[in-house]
Amino acid sequence: MRGEHKRYGMVMDLDLCVGCRGCEVACRQENGLKPHIGEPLRLKTQRIPYWTKVETVGPRGTFPDVDMFYFPKLCNHCEDAPCVTACPTGAMTQREDGIVSLDRRRCIACLQCVDACPFQAIFYDKDEDAVSKCHLCAHRVDHGLEPACVSSCMTRCRVFGDLNDPDSAPSRLLREKEDAIMPLPVPWGSPAQPRVYYVRSRRGKG
Amino acid sequence: MRRDMHKGRDQDRIPVERQAGVRVVQTNCFECHSKCGVLAYVKDGRLVKIAGNPKDPRSRGVMCPKGQAAVQILYSEERLNHCLRRTRPKGDPDPGWERISHDEAMETIYKRITGYREAFGARSIAVGQGTGRGMNQWNIRLGNTIGQNHLISPGYVCMGPMLAASLCTLGSLPFLDSGDVEHSDCYVVWGANPVWTEAGVSSYRFAKFMERGGKLIVIDPLFLNPLASKADIWLPIRPGSDGAMVMAWIHVILQERLYNEAFLVRWTNACHLVEVEGGTCLTERAVNPTATDDPFMVWDKQSNSVRPATAPGIEPALFGSYESGGIAVKTAMQLLLEQVAAFTPERVADITWVDAKKIREAAVTYARSSPGASIDAMQGIEETPNCLYTIRGITILMMLTGNIDAKGGNLLYPFWRDMVDTRLTGPAPPGSGADKLGPYFEALYFASQNRAFWEAVLTGEPYPIKMLIQVGGNPLSYSENPGLARKALEQLEFLVVRDYFMSATAQLADIVMPAAHWTERDYIADEVCGRWYYAQQKAVEPLYDRTSDLTFLRELGRRLDPELWPWRTDEELLDYQLEPQGITWEELKAKYCHELLPERYEKHASGDPEWGIRTASGRFELFSNLIRSLGLEPLLKYEEPPESPLSAPELAEQYPLVLTTGARVPYFYHSTFHNIPWLRSMQVDPECFLNPRTASEAGIRQGDWIWIETPHGRARARARLTEGIDPRVVSAQHGWGMGCRDLTIADLPDEEVNINHCISDTQFGRETYTPPMRGLLCRVYPAPRAASGDRE
């Protein structure tokens, strides 16, 4: 059944991600993000980090019996997003289409959303004195374009669309790969329901 | 880039694609060989965004990190913007760069060329390049115009051996990355990393291949090759031993009778008879001195006699030893069988450190999927002294299985042959081949040997070298034993370097010229573009005094010889280059993408003379008549790397690990783009991969700076511990040294981080002058934190 309104989300097939990190540059170019060095620290001194990032998981095992996959991460645009609940000023809001969006002018940099996010997807941006996070390229989506990380993805590993539309590409993928689908696990007790799904890695182990 | 324009809510911005007054230019990227289609968005004369062009049938609108960083590369504050002249001696830490005009630079270069040519001959002047990426022919033309073609380049470790092996074996110049992955049932990635290095044009097709359930075989020492983790079979080969692996595959395919007899008999010279004594192919005149023609001979099974291969109604024997008129002969296939007899998977397992069962399984999987299986082999196999035979062996695998130009196999494209056509390169000056530098007359390398060239600069022997015009490229980074290259460049009388940035080599130049970025210059994208040509047109006008390399070559060429360079503008030159395709530059620009030929397989069987097999026998040559005529082994051979645990066991006691260099990353291209913040922030320091067991024995922890030391030198890198590598193997990256001002990362000293210091320049294959960049002996140990640009 088609929902009353759109509900945007993403499905990523981990077998297809080859770890090229083109999505990271696409995001920086689209959103004018400054580059940073080093792993993010949840400190006020931190510069703008990434909104999306590809991590390498593994190789696990012992040579030569190993396996590995790439793990592209971004804000999960959760249903019942804890960052929205935590925000005391209404700077962090969830749009009707599910995109969790930030109004920097209302952000007082209290960092409660940073602490509330189970996925470390929100960062403090010293230059703006505000937090900073992926907004699923809402400005592009509103103009009928895909998020930059999706349209540039070299293997089409990132599939974006309306999860309420059963004919959308992500909905179809969720059905076709049902056995291998998993969202990121959330901590016990957290109400967050991620709307970024992963298709587990099945290949490899050769 | 501050985000002032969208204070408040990011969602309120208007995407570039929807903004008014934005011009979209269809062009192609030039940050690597694959030349993915690009949409360049220009507003108020400024490039504001780069994205993939869905109209490119190869890349279909996707882009890798390097290409997407084009805006930062174009506007980088580190770019060279003006011509510079050195005013202080080369030893001086301050070069005293003085800005000069483009015209003055050109005048100085022209005068130097004519002066040196008069005093020392044309051979005292060389033209250099880097990867070329489709500009090779015009660099060669400049060399030919000056009167000598040294063409100093990394060709001997990059593509030169591939072209030589291909030409001798197939009579044409396909590239081994021409695999028809869209239709392959099995794809072998051999010493290659296509989804990172030719990302745009290969990644999407690989994804489709994997979704179809194609069998993927990856031969690579490092599991961090992104495709190794997706592979059905991963063969973690000992670096440098690929030649033995090839022999084992052939052994298995012959033993299990998985070869394609019909293809071998019809399209290869597998049946041709070879004289046991002389080791050359038997021709009719050896049997019948009065014969009018002199065709190659085969053993006819029907008449049990030697007959011309061209005789009608015969049934040539594929295997066997025979005798005719007192001459002992064997078929080429029989010779191959004998050569690989000892290379059983069990024995090769000891050589390559790969399980024998896996070797057998991989070879059988490839052969059983044929025709319709491809092999993508790249620099991992090319950077060893034995590479000519490893590559030949791989082309022989394609022959045995009938995969040459088969649907799903390795395809033949006209580009490489057209590129080195004298129509574009101009005629080589008479006698200039005799001045080629290098110890082996019979070498199949197209230019002077790297080491011999630097030696000639330093000693003036066998003749003086006075000038080098480096059109892109960074010999201080790609040369083995870079110390020798540095000494030579410091001593060289006159060095011209054209580049985007002040590279290590540019720092030693007498004149530096700012090269236009691909977004500010017009060219044709054709190299590695398969069936298509593209208009790689500029998005913005060149900034400052930057000029296109093509403009430089054309202007300089025209001053030297207007007959060889009749073109008054770049457009005229591009029209000439495009003439055989029946299209003009203006038309190509309007069309953007031009299809050269339709998707077509088995072109050699089409009867079209354009696709005739241009070898001595008119067949794909299992036995290379050309290589035999140079006095070299015409079939296969396997030689260990000069320093390996098997070839130098005593040395291996001091240097117990096997080193491979040149592990790729997707965000740098050789020695470039380490200064681009978007890219450098992904990896700050050079890395070196080793097994945790190896590290623990050497007292090395994750992230430590370590020294990698061979008998020839050492280099530093950060240790990255991984179970994805054999405990006996170490894998290091190349191309490091450049800093990044925006991220306050200083230049790293070349003598500390350039891994090529570990590579000898006195060990090389006599066929292609290729040094062992993959497969050396080394040891590793912790490096104390040095003063140079170190961070925790």
Side-chain angles (χ1 to χ4, degrees), chain A residues 13 15-22 24-26 28-38 48 56 58-64 66-70 95 99 101-106 127-128 135 137-145 148 151-157 201 203-206, chain B residues 1-3 5-15 17-18 49-52 61-65 68-69 71 195-196 199-200 203-204 206-207 210-211 216 218 223-224 226-234 236 666-667 677-682 684 691 722-727 742-743:
Chain A
D13 186 341
D15 266 350
L16 295 185
C17 180
V18 292
C20 76
R21 302 175 72 179
E24 294 180 34
V25 177
R28 288 169 188 187
Q29 178 176 229
E30 185 64 37
N31 295 301
L33 301 186
K34 282 184 194 142
H36 68 104
I37 302 179
I48 292 185
T56 307
R60 301 170 301 190
T62 305
F63 176 89
V66 283
D67 66 71
M68 176 181 92
F69 63 90
Y70 296 101
R95 308 193 332 172
I99 293 177
S101 174
L102 172 78
D103 185 342
R104 265 188 294 280
R105 285 168 305 196
R106 301 175 74 172
D127 295 330
E128 305 259 357
H135 57 107
C137 284
H139 64 299
R140 289 174 59 83
V141 172
D142 289 345
H143 283 87
L145 301 166
S151 60
S152 69
C153 175
M154 295 206 299
T155 57
R156 299 282 186 231
C157 146
S201 161
R203 282 193 79 96
K205 302 163 178 63
Chain B
M1 196 185 297
R2 279 190 66 86
R3 296 189 297 153
M5 70 286 193
H6 49 86
K7 279 226 182 291
R9 299 195 305 175
D10 289 303
Q11 66 180 50
D12 297 337
R13 284 152 51 209
I14 300 171
E17 289 88 335
R18 297 287 186 263
K49 179 176 174 165
I50 284 286
V62 306
M63 276 192 95
C64 81
Q68 291 189 92
V71 175
V195 294
W196 280 5
S203 293
Y204 178 79
F206 261 102
M210 291 192 285
E211 282 184 327
L216 182 62
V218 174
F223 192 68
L224 281 92
L227 289 177
S229 59
K230 320 277 187 196
D232 296 279
I233 304 171
W234 172 47
Y667 32 81
W678 280 340
L679 303 176
R680 184 60 175 275
S681 58
M682 294 189 175
V684 175
N691 192 284
T722 172
E723 283 291 345
I725 195 165
D726 192 303
D742 269 7
L743 296 176

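When reading the values below, keep in mind they use all heavy atoms of this one structure, side chains included, and skip hydrogens, waters and symmetry mates. Just so we're on the same page: letters track the sequence lines, and every chain starts at 1.
No hydrogens or angles considered: nothing links the side chains of T62(A) and E723(B) as a donor-acceptor pair under 3.5 Å.
In this structure, the portions of C20(A) lying under 4.5 Å from any heavy atom of chain B include both its backbone and its side chain. For L102(A), the part sitting under 4.5 Å from any heavy atom of chain B is the backbone (N, CA, C, O) and nothing else. Looking at M63(B), the atoms closer than 4.5 Å to chain A (heavy atoms on both sides) all sit in the backbone: N, CA, C or O. Residue R106(A) does not touch chain B at all, counting heavy-atom pairs closer than 4.5 Å. Residue F206(B): no heavy atom, backbone or side chain, is found under 4.5 Å from chain A. With a 4.5 angstrom heavy-atom cutoff, H135(A) touches chain B only via side-chain atoms. With a threshold of 4.5 angstrom between heavy atoms, D726(B) approaches chain A through its backbone and through its side chain. The contact between I725(B) and chain A is made entirely by backbone atoms, counting heavy-atom distances below 4.5 Å.
The two residues R13(B) and P15(B) come nearest to each other via the heavy atoms O-CD, 3.8 Å. The two residues W678(B) and A69(B) make their nearest non-hydrogen contact at CE3-CA, 3.9 Å.
Between chain A and the options S203(B), A207(B), G52(B), the largest number of non-hydrogen pairs under 4.5 Å is found for S203(B). Between chain A and the options I14(B), I50(B), N691(B), V62(B), the largest number of non-hydrogen pairs under 4.5 Å is found for V62(B). When each of A138(A), G58(A), S101(A) is checked for heavy-atom pairs under 4.5 Å with chain B, S101(A) comes out on top.
Under the salt bridge (Lys or Arg N to Asp or Glu O under 4.0 Å) criterion, E211(B) pairs with K208(B), not counting sequence neighbours. Shown here are the side-chain contact (heavy atoms from CB on, under 4.5 Å) partners of F69(A), two or more places apart in sequence or in another chain: L14(A), V57(A), R60(A), F71(A), S201(A).
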Report the C-alpha distance between K230(B) and L216(B) in whole Å, list the side-chain angles of each, state the deciding distance to 0.1 Å, and finish with yes or no for side-chain contact (heavy atoms from CB on, under 4.5 Å). CA-CA 8 Å; K230(B) 320 277 187 196; L216(B) 182 62; 4.1 Å; yes
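Residue L145(A) holds its CG atom at 8.5 Å from NE2 of H139(A), rounded to the nearest 0.5 Å. In this structure, CD on Q29(A) lies 6.0 Å from CD on Q68(B), to the nearest 0.5 angstrom.
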